[in-house]
Amino acid sequence: MAEGPLQVRGEVLATRRVGAYRHLTLVAPGIAARTRPGHFVALAVGGPDTALTLRRAFSIYQVSTQGVFGGTVELIFAVQGAGTAWLAAAASRTPVDVVGPLGKPFALPRDRVSATLVGGGYGSAPLFGLARSLRSRGCRVDVVLGAASADRLFGALEAKRVATTVEVTTDDGSAGTRGWVTDVLPAVMERAGTEVVYACGPMGMLRSISEVAAAAGVPAQCAVEESMACGIGVCMTCVLPVVGEDGLTRMVRSCVEGPVFLGDRVRWDALGTVPADAVGAPPMSDPDE
Amino acid sequence: MAEGPLQVRGEVLATRRVGAYRHLTLVAPGIAARTRPGHFVALAVGGPDTALTLRRAFSIYQVSTQGVFGGTVELIFAVQGAGTAWLAAAASRTPVDVVGPLGKPFALPRDRVSATLVGGGYGSAPLFGLARSLRSRGCRVDVVLGAASADRLFGALEAKRVATTVEVTTDDGSAGTRGWVTDVLPAVMERAGTEVVYACGPMGMLRSISEVAAAAGVPAQCAVEESMACGIGVCMTCVLPVVGEDGLTRMVRSCVEGPVFLGDRVRWDALGTVPADAVGAPPMSDPDE
Amino acid sequence: MSDPDDITVRTVQPPRPPQRARCDLTTHLGAIELPNPVLTASGCAAAGRELDRFFDVAELGAVVTKSIMLKARSGRPTPRMAETASGMLNSIGLQGPGIDAFLEHDLPYLRERGARAVVSIAGGSVAEYTELARRLRGAAGVSAIEVNISCPNVSNRGLVFARDPAAAAAVVTAVRRQSAPSVPVFAKLSPDVTDIVSIAHSCVAAGADGLSMINTLLGMALDLDTMRPVLAGVTGGLSGPAIKPVAVRCIWAVHAALPDVPIIGMGGVRSGLDALELVLAGASAVSVGTAIFGDPGAPLRIRHELETALVDRGFARFSDAVGYGHREQT
Amino acid sequence: MSDPDDITVRTVQPPRPPQRARCDLTTHLGAIELPNPVLTASGCAAAGRELDRFFDVAELGAVVTKSIMLKARSGRPTPRMAETASGMLNSIGLQGPGIDAFLEHDLPYLRERGARAVVSIAGGSVAEYTELARRLRGAAGVSAIEVNISCPNVSNRGLVFARDPAAAAAVVTAVRRQSAPSVPVFAKLSPDVTDIVSIAHSCVAAGADGLSMINTLLGMALDLDTMRPVLAGVTGGLSGPAIKPVAVRCIWAVHAALPDVPIIGMGGVRSGLDALELVLAGASAVSVGTAIFGDPGAPLRIRHELETALVDRGFARFSDAVGYGHREQT
Ligand SMILES: Cc1cc2nc3c(=O)[nH]c(=O)nc-3n(C[C@H](O)[C@H](O)[C@H](O)COP(=O)(O)OP(=O)(O)OC[C@H]3O[C@@H](n4cnc5c(N)ncnc54)[C@H](O)[C@@H]3O)c2cc1C
Ligand SMILES: Cc1cc2nc3c(=O)[nH]c(=O)nc-3n(C[C@H](O)[C@H](O)[C@H](O)COP(=O)(O)OP(=O)(O)OC[C@H]3O[C@@H](n4cnc5c(N)ncnc54)[C@H](O)[C@@H]3O)c2cc1C
Ligand SMILES: Cc1cc2nc3c(=O)[nH]c(=O)nc-3n(C[C@H](O)[C@H](O)[C@H](O)COP(=O)(O)O)c2cc1C
Ligand SMILES: Cc1cc2nc3c(=O)[nH]c(=O)nc-3n(C[C@H](O)[C@H](O)[C@H](O)COP(=O)(O)O)c2cc1C
Ligand code: FES
Ligand code: FES
């Protein structure tokens with residue numbers, strides 16, 4: 001399999017609504033073949049005269065290497081600001097520059113283990129490809145999906161097709177159990193005999209999942225979402241405090257060393273700070289760039 | 001007739017190619033009813049996230065007050081830079097904020113006179129509505145159209161329908177007489193017994209036309225084109241030196257006091273300068289804004 | 001285990017009733033009170049007449065008029081502008097009819113229309129500013145004076161007043177002394193300085209009742225066909241959304257240093273949210289400049305959008321939002 | 001009278017043969033020669049490794065590495081960036097591994113790849129810059145040194161070196177003295193000063209072989225939901241197309257004053273035409289920064305576009321275009 005990211009001039013094939021989200025299919029030749037579950041793409045948004053200067057990062061939901069289009073990449077996204085609004089409105093055939101696949105994907109187990117996949121909101125998007133990979137390796141897969149409300153759940157039906165069991169929670173109780181994924185996760189893990197947790201969703205959720213996994217003594221692979229300017233490792237905006245093999249905390253780039261981290265390596269309590277014990281902290285002075 | 005400009009949220013109805021130009025029809029309710037020949041509109045370009053900050057000015061080619069669309073405005077434009085490229089690519093239904101009608105239109109004669117209309121490139125666009133108005137007042141209309149090449153002539157066939165005679169020149173001889181409009185204008189004027197000249201086109205052409213008209217002792221109403229930031233008279237970017245009734249030269253705004261000026265009032269030789277005898281010139285110091 | 005098919009929406013909360021709340025937009029700029037904090041920026045609205053064709057200029061907090069000089073002035077040759085990414089350069093050269101014509105035609109027009117006028121003045125020497133202030137003293141309808149000190153000082157090798165604390169102070173002292181005590185004097189600062197806070201201090205120490213910021217940044221563009229400067233004046237002032245981050249930083253720094261000094265903020269405001277950003281940084285009023293060129297209705301639209309934004313955030317009074325970004329975090 | 005129906009096109013000129021001409025892109029930065037004038041901007045390309053996945057970094061004139069400090073440094077907390085109209089704010093805080101790790105891993109990598117390295121250094125005191133230069137002296141593969149003086153001087157109340165002519169000069173003198181004569185030293189200037197030309201003079205008098213400009217403008221953004229500064233570091237550096245007019249103005253002014261001093265220009269370059277604009281203003285090389293974030297292939301694309309733009313304008317040598325905008329008009 002070819003390695004490393006490509007930059008390709010893609011185009012919008014189709015966009016459709018899925019609850020509160022959009023399901024975007026991009027023609028992006030070459031990227032599909034290199035993609036593994038957990039990879040993301042970074043898109044240029046806004047068109048030729050745009051005032052939007054930075055890329056937007058999106059987890060890859062699924063890819064297709066075949067077909068008349070020379071490879072497609074599918075994303076699930078929420079409209080947040082100007083960039084996602086532009087994407088949502090982009091007509092079929094709109095050119096979109098795509099960089100990907102980016103980041104370190106989920107690590108797959110060598111053995112047939114019982115894996116529990118937890119997704120929050122659109123964070124479930126990268127879990128379906130992962131579930132299929134795990135199943136093809138003979139792993140048991142259970143899925144827990146959570147969201148603020150029913151329209152922000154993504155893929156509950158699809159989950160049912162790939163998973164042994166599926167559990168759904170919503171904050172407002174508009175679908176599934178009212179509450180958080182971590183309210184139901186311990187029971188699911190017990191039932192499934194979980195040996196590894198995979199998670200993608202908001203930072204607060206990932207933190208709680210890491211705690212649940214740690215309590216159960218199983219590793220949690222968490223795909224984080226930090227604000228990114230470049231997505232390719234050159235700008236240093238996307239850092240978070242992570243404990244290395246040597247036990248030292250460093251501010252590491254989530255775009256190249258992540259987005260998937262082991263939950264017990266991330267200093268969740270220290271997000272948005274530089275822990276005093278981090279390598280090179282605290283700055284003695286505050287230079288401008 | 002209602003007076004003054006409106007600001008309306010219009011939309012693209014259709015765009016088609018006409019030689020080197022585009023013929024754009026905008027739905028822009030209310031503007032048509034206020035428009036007289038020589039008026040222009042100023043369009044916001046680039047869409048919601050655009051880096052383009054200023055309006056683009058275009059002469060009104062023709063308007064329609066009727067129809068299902070509540071009034072349309074038609075323009076003929078050349079793709080020059082980012083703004084016109086965006087307009088040319090804008091799909092039907094693209095929203096476009098339209099301000100207009102703007103400027104002082106051509107003054108129409110009270111009597112049945114012989115009028116000669118001279119257009120350079122897309123500068124012919126505002127002359128057809130003018131020709132119809134003149135004809136309906138019983139004026140004789142002769143038209144001279146010039147351009148660099150055949151594909152940059154606009155409306156030669158339409159001119160034939162409204163004018164007694166039509167003369168065409170191109171710089172490269174690819175259509176009509178090889179040469180400039182002023183090469184043929186004196187003969188046309190003599191033949192037509194011209195009593196007033198109306199002109200729209202590049203500044204150099206307007207200057208030459210003014211000289212020909214002055215030599216023949218007839219007034220020339222020239223629609224000028226100066227770089228404009230606002231189009232509504234508030235920014236002072238679109239000025240040119242014009243001699244007032246009092247004989248004094250002032251830097252006047254072509255967007256509100258023009259774009260139509262009498263040819264013998266414009267200091268053509270001093271365009272791009274502030275003549276030393278202009279009111280308030282020369283600045284003793286050069287303050288930044 | 002819950003059924004994943006069970007994802008039909010159960011309506012959990014009733015849709016919220018439409019917001020009807022309003023916000024008191026009144027603002028104070030030194031001795032004067034304005035009904036709302038949205039103004040036009042000097043040089044971007046002439047003296048209000050042209051905009052009045054698009055909306056009632058009396059609906060704005062005030063119209064800040066184009067900087068006026070003592071004598072009529074032709075300004076610079078064209079080209080006078082260049083569009084830049086999310087901004088523009090201008091080099092108008094303060095074209096204007098001079099103070100006499102301004103007092104005869106422009107000020108009375110605004111007064112008749114019921115609009116408030118903040119009169120911007122510009123000069124090449126302290127004496128010229130002094131004379132301008134003296135002439136304004138008698139005039140009816142001057143709500144405040146904004147002193148455009150981004151002008152070269154003819155008696156100091158053309159060094160722009162706003163870049164020299166002493167020269168800036170000298171102008172402010174003179175204008176303040178000449179003006180009616182009821183008319184606040186705002187000094188308009190340039191961002192093109194090493195330390196805007198020290199210039200702000202100088203102006204306030206010299207008697208400025210408030211500060212306006214920011215004027216344009218000095219910029220330039222080359223024409224890639226002629227391979228020469230686009231502007232006849234070579235350099236020009238950069239304005240528009242591109243400079244908003246600089247405006248926010250300047251307002252933030254000056255408000256932090258001088259929290260009691262009212263600030264008229266400007267620089268790249270194109271929406272009510274942009275205006276709110278300047279307000280949270282410390283502006284007591286916001287001027288809309290370049291945005292007008294793209295949208296003649298911008299000032300009034302921004303007033304409405306700002307009110308909505310304030311209501312949405314639970315502000316009953318505009319004044320509570322001024323400098324709110326500086327609050328200690330709880 | 002000609003027949004108006006006669007508007008069928010008569011082919012008048014044969015289509016021009018496709019342009020095959022090339023332009024010699026070689027440029028000189030003091031003692032060194034680079035094969036072409038397109039570089040990466042410090043802090044926007046790390047040490048080249050990540051970009052090398054998208055194109056061969058040896059195809060660039062040089063890679064300007066992220067400013068390196070003496071010790072490893074964690075940088076500032078997040079959020080570290082905010083997008084702005086045609087630009088962005090960053091507040092990274094010079095995160096980096098320190099000079100030892102840089103010399104061990106980064107510099108050898110570029111050397112192996114056959115790429116030229118311009119090493120950017122940053123410090124909090126003259127002593128720190130001195131030590132950095134000393135460490136670089138022995139290192140193989142340093143084509144030039146760019147001294148990032150937009151750092152607070154810890155021994156002068158944090159006043160940024162680049163805003164103080166004497167402090168800037170002190171740093172430059174120290175670095176120049178420590179460095180091999182064959183390695184040119186470029187001082188990188190900040191636009192946030194009252195008079196950039198005087199800072200340029202100081203640096204050149206202190207021995208700078210060339211000048212880089214511009215670093216980012218100090219800016220700031222507020223989050224309209226939290227109503228607090230977006231950046232954890234409160235203020236940040238503004239970069240991107242928004243600031244290009246300021247970059248052009250600074251380069252123009254410094255080149256006019258110091259025509260023989262080579263300038264590495266940067267600020268908002270996103271296309272070959274943008275690069276050409278900086279070159280015409282006086283830059284002998286152009287660094288691409290923020291544009292990389294939007295387009296990882298930007299530096300190489302810009303090199304190609306610049307060559308095309310030069311050929312189109314009849315330049316046989318890049319060096320003929322440097323400062324061409326300043327020529328006397330005929
Ligand atoms: C690895 C990764 C995977 C992601 N996957 C998805 C996904 O599958 N579906 C989805 O809807 N969203 C996803 N996001 C979030 C998505 O990138 C943001 O919602 C999007 O960038 C917002 O852009 P905007 O222009 O609408 O918002 P704006 O707020 O206008 O964006 C302004 C700037 O901030 C950055 N930014 C803003 N919010 C975020 C954010 N949450 N994360 C990263 N950068 C941000 C943008 O890139 C841009 O540079 C992912 C983010 C990361 C880092
Ligand atoms: C009164 C008037 C009537 C016009 N009528 C027509 C018409 O009928 N058809 C047509 O094709 N063009 C017309 N123009 C010219 C048209 O406005 C410009 O071609 C257009 O603004 C170029 O925009 P751009 O974004 O493509 O180019 P850019 O060069 O990217 O424009 C950059 C900026 O410069 C301004 N500008 C650039 N060129 C001109 C110009 N020639 N005149 C005024 N402003 C300019 C733009 O408004 C914009 O603010 C007219 C101009 C004026 C003033
Ligand atoms: C065309 C133009 C003319 C201006 N004229 C003046 C002026 O006469 N006096 C003044 O103080 N500022 C003047 N300015 C600066 C504006 O008042 C304002 O400070 C600056 O443009 C930033 O705001 P903006 O980004 O909203 O335009 C002018 C700006 C522009 C664009
Ligand atoms: C994220 C980021 C990090 C930067 N880091 C540095 C740095 O370490 N040293 C430095 O001299 N300049 C740094 N800069 C400034 C750039 O090198 C450049 O001078 C500036 O961004 C203007 O160029 P641009 O508009 O092309 O980005 C940084 C800029 C950005 C956006
Ligand atoms: S997003 Fe730029 S380094 Fe990660
Ligand atoms: S274009 Fe603004 S005054 Fe004419």
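Values below: every heavy atom of this structure, side chains too, minus hydrogens, waters and symmetry copies. Chain A is the first sequence line, chain B the second, and so forth, proteins listed ahead of strands; every chain is numbered from 1.
Contact record, Ile292(C) with Cys44(C): CD1-O, 3.4 Å, taken as the closest heavy-atom pair. The nearest pair of heavy atoms linking Asp295(C) to Pro299(C) is O-CD, 4.5 Å.
More than 12 heavy atoms of other shown residues, nucleotides or ligands fall within 6.0 angstrom of atom CZ in Arg327(D).
Most heavy-atom pairs under 4.5 Å with chain C, from the set Ala242(D), Pro245(D), Gly325(D): that is Pro245(D). Ranked by non-hydrogen atom pairs under 4.5 Å with chain D, the options Pro229(C), Gly240(C), Gly87(C), Ala247(C) are led by Pro229(C). Residue with the most contacts toward chain D among Asp195(C), Leu222(C), Val246(C): Leu222(C) (heavy-atom pairs, distance under 4.5 Å). For the set Leu89(D), Ile196(D), Thr84(D), Leu224(D), the entry with the most heavy-atom pairs within less than 4.5 Å of chain C is Leu224(D). Chosen from Leu273(C), Asp223(C), Val193(C), the residue pairing most often with chain D at heavy-atom distances under 4.5 Å is Val193(C).
In this structure, Leu211(C) and Ile264(C) have side chains that are not in contact, with every pair of non-hydrogen atoms separated by 4.5 Å or more. Two residues are said to be in side-chain contact when any heavy atoms from C-beta on lie closer than 4.5 Å; Cys203(C) and Ile149(C) meet this criterion.
Heavy atoms closer than 4.5 Å to chain C are found in the side chain of Leu238(D), but not in its backbone. Only the backbone of Thr226(D) comes within contact range of chain C, judged by heavy atoms closer than 4.5 Å. Contacts between Leu217(D) and chain C at a heavy-atom distance below 4.5 Å involve the side chain alone, from C-beta outward. At a 4.5 Å heavy-atom cutoff, the contact between Leu280(D) and chain C is made by backbone and side-chain atoms alike.
With hydrogens and angles left out, the side-chain atoms of Thr216(C) and Ser239(C) include no donor and acceptor closer than 3.5 Å.
Ring orientation note: the planes of His326(C) and His255(C) are tilted relative to one another, at an angle of 30° to 60°.
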